[in-house]
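A short write-up of the structure that comes next.
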Amino acid sequence: PESWDDERGDAFLSKIIPGDKLLSADHFVFCIVSKGRPNNVAKLVQETLKTGSGDRGHSGTEVAWFVGEGEVASYEKAGAAKGTVFAGGGLCASRNAALRFAKSKGKICVQMSDDVHGFTFLYHSKEWALVGEKKAKSGAHGGLRDDGYTQPSSLSAANGVAAKATTRRLSAIGAAQLISYLMSLPAK
């Protein structure tokens, strides 16, 4: 397996997902649901979301915070950009407010906890075809294989497959791109 801090993770997605299926950063809004933890703002924004201009081309990342009543000022003081912090109320109310916010922007809502530390993708050739490589029956190229892969029968078997996989660390955008791609596939 590759290093945990693999900067090539997002680039690897272009090897398994056709280019027209990889959405750019401006298609997403990251909605952070948080209560009582403004100290997590700086670490999440700088290390996990990496929204700075030099960050792997993801400077278009939009972030909004949905926090408890009366907490807006403390999150802004901790580093959340003014105008991006909203009092959402309790957990369900904040999640629903985030969905409404993303819908109003015409973007895909990516809800995250304020204490996420990273995103890891496990690639296994029995599950994924490389772009340019035919995917068996469908004749399509890249993406999830449509045959030849059987889901492991147990957790122990799945762990055995995972131990043989290539590990790639993804950015938040990369993780959102992967999930968006998987959700766009027809149900089996």
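Worth knowing before you read on, the calculation uses all heavy atoms, side chains too, and leaves out hydrogens, waters and symmetry mates. Along the sequence shown, residues are numbered consecutively beginning with 1.
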**Prompt:** Would the W128 and F12 ring centres measure less than 6.0 Å apart?
**Reply:** no
**Asked** Got a donor-acceptor contact below 3.5 angstrom from the E71 side chain to the G36 backbone?
**Response** yes
**Request:** Could you tell me whether the side chain of Q111 and the main chain of V33 form a donor-acceptor pair under 3.5 Å?
**Result:** no
**Request:** Determine whether I108 and I173 fall in the same hydrophobic cluster, where Ile, Leu, Val, Met, Phe, Trp and Tyr are linked whenever their side-chain heavy atoms lie under 4.5 Å apart.
**Result:** yes
**Asked** Is there a path of hydrophobic side-chain contacts, each under 4.5 Å between heavy atoms of I, L, V, M, F, W or Y residues, that connects I32 with V72?
**Response** yes
**Request:** Consider only side-chain heavy atoms of I, L, V, M, F, W and Y, link residues closer than 4.5 Å, and tell whether V29 and V110 are in one cluster.
**Result:** no
**Request:** Working to the nearest 0.5 Å, report the span between SG of C31 and CZ of F66.
**Result:** 4.5 Å
**Request:** Rounded to the nearest 0.5 Å, what's the gap from CD1 on I179 to CZ on F121? Could you check?
**Result:** 11.0 Å
**Asked** What heavy-atom pair brings R100 and A93 nearest, and what distance separates the two atoms?
**Response** NH2-O, 4.5 Å
**Complete:** Taking every heavy atom of C109 against every heavy atom of A98, the minimum-distance pair comes out as SG-O, 3.8 Å
**Message:** Keeping S171 on the side-chain end and G174 on the backbone end, is there a donor-acceptor pair under 3.5 Å?
**Reply:** yes
**Asked** Within the side chain of S104, is there an N or O that forms a donor-acceptor pair under 3.5 Å with the backbone of F101?
**Response** yes
**Prompt:** Checking side chain to side chain contact (heavy atoms under 4.5 Å, CB included) for the pair I17/Q177: CA distance, chi angles, key distance, verdict?
**Reply:** CA-CA 9 Å; I17 300 175; Q177 289 171 319; 5.8 Å; no
**Asked** Any side-chain heavy-atom pair from T167 and T120 closer than 4.5 angstrom?
**Response** yes
**4.5 Å side-chain heavy-atom contact, D115 and R37** = yes
**Prompt:** Would a distance-only check, ignoring hydrogens and angles, find a side-chain to backbone donor-acceptor pair under 3.5 Å from Y181 to L23?
**Reply:** no
**Request:** Calculate, to the nearest 0.5 Å, the distance between atoms NZ and NZ belonging to K82 and K77 respectively.
**Result:** 10.5 Å
**Message:** For residues L99 and F30: do they belong to one hydrophobic cluster (side chain heavy atoms under 4.5 Å, members Ile, Leu, Val, Met, Phe, Trp, Tyr)?
**Reply:** no
**Message:** Measuring only between side-chain heavy atoms, which start at C-beta, is W65 closer than 4.5 Å to V41?
**Reply:** yes
**Request:** For residues I16 and P18, report the shortest heavy-atom separation together with the two atoms involved.
**Result:** O-CD, 4.0 Å
**Asked** Say you draw a straight line from NZ of K35 to CG of D114; how long is it, rounded to the nearest 0.5 Å?
**Response** 11.5 Å
**Message:** Any non-hydrogen side-chain atom of S34 less than 4.5 Å from a side-chain atom of N40?
**Reply:** no
**Message:** Are L178 and V116 connected into the same hydrophobic cluster when the rule is that any two of I, L, V, M, F, W, Y join if their side-chain heavy atoms are below 4.5 Å apart?
**Reply:** yes
**Prompt:** Which distance, rounded to the nearest 0.5 Å, do you find between the NZ of K107 and the CG of D26?
**Reply:** 6.0 Å
